[in-house]
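Let me begin by presenting the structure, written as structure tokens, before commenting on it.
Letters go in sequence order (proteins before strands), and every chain restarts at 1.
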Amino acid sequence: MALRLYNTMSSQIEAFHPLRDNEVRMYACGPTVYDYGHIGNFRTFIAVDMLQRFLRQSGYTVRYVMNITDLDDKIIRNAARDGVSVQQYTAKYEKAFLEDSATIGIEQPALVRATERIAQMADFVAKLVEKGIAYRTDDGSYYFRIAKFPQYGKLSKKDFSGMLDGARVDVDEYDKDSARDFALWKAPKPGEASWDTSIGPGRPGWHLECSVMSMQELGESFDLHAGGEDLVFPHHENEIAQSESLTGKTLARFWFHVRFLLVEGEKMSKSLGNFYTLRDLVLKGHKPSSIRYLLASVPYRNQLNFTFDGLQQAAVSVERLRNFRQRLSAGNFPPGSNLEMQTLAGETIDRMRASLDDDLNTAQAQAAIFEMVRSVNSAFDAGQIKKDDAAPLLAALETFDEIFAVVKDDDGPKMKEVFDWALTEGREKDVSAELRETVQSAQMSGTEIQARVEQIQELRKARNFQASDALRAETITAANIIIENTKDGIVWRRK
RNA sequence: GGCGCGGUACCCAAGUGGUAAGGGAGAGGUCUGCAAAACCUUUAUGCGUCGGUUCGAUUCCGACCCGCGCCUCCA
């Protein structure tokens, strides 16, 4: 079994093979850094992150590049509104995006910024002009002549043949030859950033940056191009037109698009009041791991309905996996090995791999790990787990977490960062009691908690249950942890 | 209007031409000084509706109803 992926270009699931032996070159359209990232953004980036993780787990070397759009109309507008330079403005939100990505467990790709490649973009336009594909209008803007690219529409399955006859639509209004022709380069306007380049002053159109940067970073033809489903048209269609008309080569073999999510059954929008940034959720006290788990649990091509009930359920699911790991890590097994457990670990890894190979079916991969968890817990209760079984079972869990990245618990420090950010931004009023508790919990050190646990243990040994229970209750509240008495002693963990 | 996706138990959500994964929640139970964790049992003769094909359909086909996306820069 090997990876099979849905390809928007062919509208089919196809076997994925990189163009070069063992190296996958992939590109994702990153954020426009004009605001804090919302959970819809992160669904997309998590999906691509899991793909990238799975490719590496499958033995490929992955070169994963993402662009940062630090130049567009909204940025110019908002920077002016805030009275800061475009650079100051984008630096703030790029930093926030990278912090949020790390918070949500996204491994950082190689980044390229639009503003760092202006000259190359101008050169790209110049080459298109040379080929007669792009043209300049009187004001100094440049447009792409889609009549020169008959395949235009092949990705989004749109038929523009009716417009390719040179019909001049609203020429006066648009100052271009066809209404469908799109801007490659925008002539300077008063008050807007402008660059002096080989093709004159101005700034690049949005689509251009991805064509230029992907080519520079990954070559004229690479393996996979990813983004949200809204980018199919016009963004990716235009990228294809620009790049392929210039090189005559296929831009990307696979086109990977992530479906939009719904929030509480409705499209997420500010007007509906169901618009959430990642930070909004953390401020409410939700753990990054819960958010990632929920966003990862529905296969990327299906609509995901993000609900607070679902977020709660995700939190419990992650908890179950963490409890499992803690139990296996604790040791205390009789010597020897149980062949069934060894087999189970291997089969689980195979099932997870087969699920992900099947167009990244994350839901099935989760089912596989949970079935293993139940079987192993059951064997555990029956005393059938032996010393040598822990390692392979933990390895299976680790294989899961290499993709999902939720079992390892670093929620506390990450939530503390958001907490600190809220204070510096003067948003203390938005910090929920839940987040406050979690942050306080993270502040009680492990040794401090351990000391209390030992006291509880002593009291229990003395069968002074009233005192031990009281101290336990007090510690649970003060440190926001969970304490369990087991036959092998007390174990604790942070809530 | 054009193109496309989906409607599965209380909630989230996989999946298959041969009789419904997984997680959460609820109920009962086991273990336990208590609590927690864990385990066991239980919760869809049913997979939007109506037809059709078939020995047999939730799975294929058709119609209809409902939800969602894209159709000039929203992931």
Side-chain angles (χ1 to χ4, degrees), chain A residues 8 11 28-32 34-35 37-48 69 72-74 153 156-160 174 179-183 205-207 226-235 237-238 257-262 265-270 275 293-294 297-307 309-324 326-327 351 355 358 361-371 373-382 460 463-466 468-469 472-473 476 482-487 490-493:
Chain A
T8 307
S11 306
C29 292
T32 300
Y34 69 97
D35 205 345
H38 56 72
I39 53 177
N41 297 122
F42 288 109
R43 180 195 193 186
T44 297
F45 297 130
I46 286 172
V48 182
T69 301
D72 92 331
D73 294 345
K74 276 191 293 289
S156 52
K157 313 294 181 293
K158 290 182 193 303
D159 183 3
F160 294 100
Y174 291 96
R180 284 287 174 183
D181 288 355
F182 58 88
W206 175 40
H207 314 300
E229 63 169 334
D230 60 315
L231 299 184
V232 173
F233 187 89
H235 185 56
E237 201 70 74
N238 290 352
H257 292 105
V258 182
R259 186 107 200 245
F260 270 19
L261 56 68
L262 258 42
E266 294 186 286
K267 183 175 180 174
M268 180 169 71
S269 74
K270 286 180 177 167
F275 185 95
Y293 185 91
L294 178 57
S297 62
V298 178
Y300 74 96
R301 284 201 297 130
N302 293 0
Q303 199 160 59
L304 182 160
N305 185 13
F306 188 97
T307 65
D309 189 37
L311 198 50
Q312 182 52 39
Q313 294 177 10
V316 180
S317 298
V318 171
E319 194 64 29
R320 184 162 160 82
L321 294 173
R322 289 180 177 172
N323 289 348
F324 176 76
Q326 186 176 36
R327 199 175 186 191
R351 276 186 64 192
S355 300
D358 183 13
N361 192 330
T362 50
Q364 273 192 346
Q366 288 177 341
I369 199 70
F370 277 105
E371 283 182 26
V373 167
R374 184 168 35 74
S375 297
V376 173
N377 273 329
S378 193
F380 215 123
D381 287 351
R460 288 184 70 231
R463 300 197 67 80
N464 187 350
F465 293 122
Q466 205 179 354
S468 78
D469 288 354
R472 180 177 64 189
I476 285 171
I482 290 165
I483 296 177
E484 294 176 10
N485 304 339
T486 74
K487 63 179 190 304
I490 292 180
V491 296
W492 67 271
R493 60 179 175 273

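Residue A:Asn302 has a polar side-chain atom (N or O) positioned under 4.0 Å from OP1 or OP2 of B:rA14. In this model, the phosphate group of B:rG15 is approached by a side-chain N or O of A:Asn361 to a distance below 4.0 Å at OP1 or OP2. Within the structure, a side-chain polar atom (N or O) of A:Asn377 is placed less than 4.0 Å from OP1 or OP2 of B:rC39. In this structure, A:Arg327 does not reach the B:rA37 phosphate: none of its side-chain N or O atoms is under 4.0 Å from OP1 or OP2. Using a 4.0 Å cut-off, no side-chain N or O of A:Lys157 falls inside it from OP1 or OP2 of B:rC5. Put simply, A:Asn485 has no side-chain N or O that comes within less than 4.0 Å of OP1 or OP2 on B:rC34. The side chain of A:Arg320 places an N or O atom within less than 4.0 Å of a non-bridging phosphate oxygen (OP1 or OP2) of B:rC39.
Distance noted for atom C1' between B:rG51 and B:rG24: 37 Å (whole Å). When the C1' atom is compared between B:rG4 and B:rU45, the two are found 34 Å apart, to the nearest whole Å. Atom P of B:rU59 sits at a distance of 9 Å from the matching atom of B:rC47, rounded to the whole Å. Distance noted for atom C1' between B:rC65 and B:rU72: 33 Å (whole Å). One P atom belongs to B:rA20, the other to B:rG46, and the distance between them is 12 Å to the nearest Å.
Annotation: side chain to side chain donor-acceptor pair (under 3.5 Å) contacts of A:Trp492 (sequence neighbours excluded): A:Gln450.
Nucleic acid contact for A:Phe233: sugar-phosphate only, since backbone atoms but no base atoms lie under 4.0 Å from a heavy atom of the residue. A:Asn323 comes within contact range of the sugar-phosphate backbone alone, with a heavy-atom separation under 4.0 Å but no base atom that close. Counting any heavy atom pair closer than 4.0 Å across all strands shown, A:Gln326 reaches no nucleic acid atom. Across all strands, A:Asn305 comes closer than 4.0 Å only to sugar-phosphate atoms, never to a base (heavy-atom distances). When heavy atoms are screened at a 4.0 angstrom cut-off, A:Gly40 is found touching base atoms of the nucleic acid. Note on A:His38: a base of the nucleic acid sits closer than 4.0 angstrom, heavy atoms only. Using a 4.0 Å heavy-atom cutoff across all strands shown, A:Pro299 reaches sugar-phosphate atoms only and no base atom. When heavy atoms are screened at a 4.0 angstrom cut-off, A:Val298 is found touching the sugar-phosphate backbone but no base atom.
Below 30°, between 30° and 60°, or above 60°: for A:His235 and A:His207 the angle between ring planes is between 30° and 60°, a tilted geometry.
Note: CZ (A:Arg301) to P (B:rC70) measures 18 Å, nearest angstrom. Distance CD (A:Glu484) to C1' (B:rA36): 5 Å, rounded to an integer number of Å.
Residue ring and base: A:Phe380 does not count as stacked with B:rA38 (centre distance below 5.5 Å and interplanar angle below 30° not both satisfied). By the stacking rule of 5.5 Å between ring centres and under 30° between planes, A:Phe465 stacks on the base of B:rG33.
Cation-pi geometry between A:Arg327 and A:Phe380 is satisfied (NZ or CZ under 6.0 Å from the ring centre, within 45° of the ring normal).
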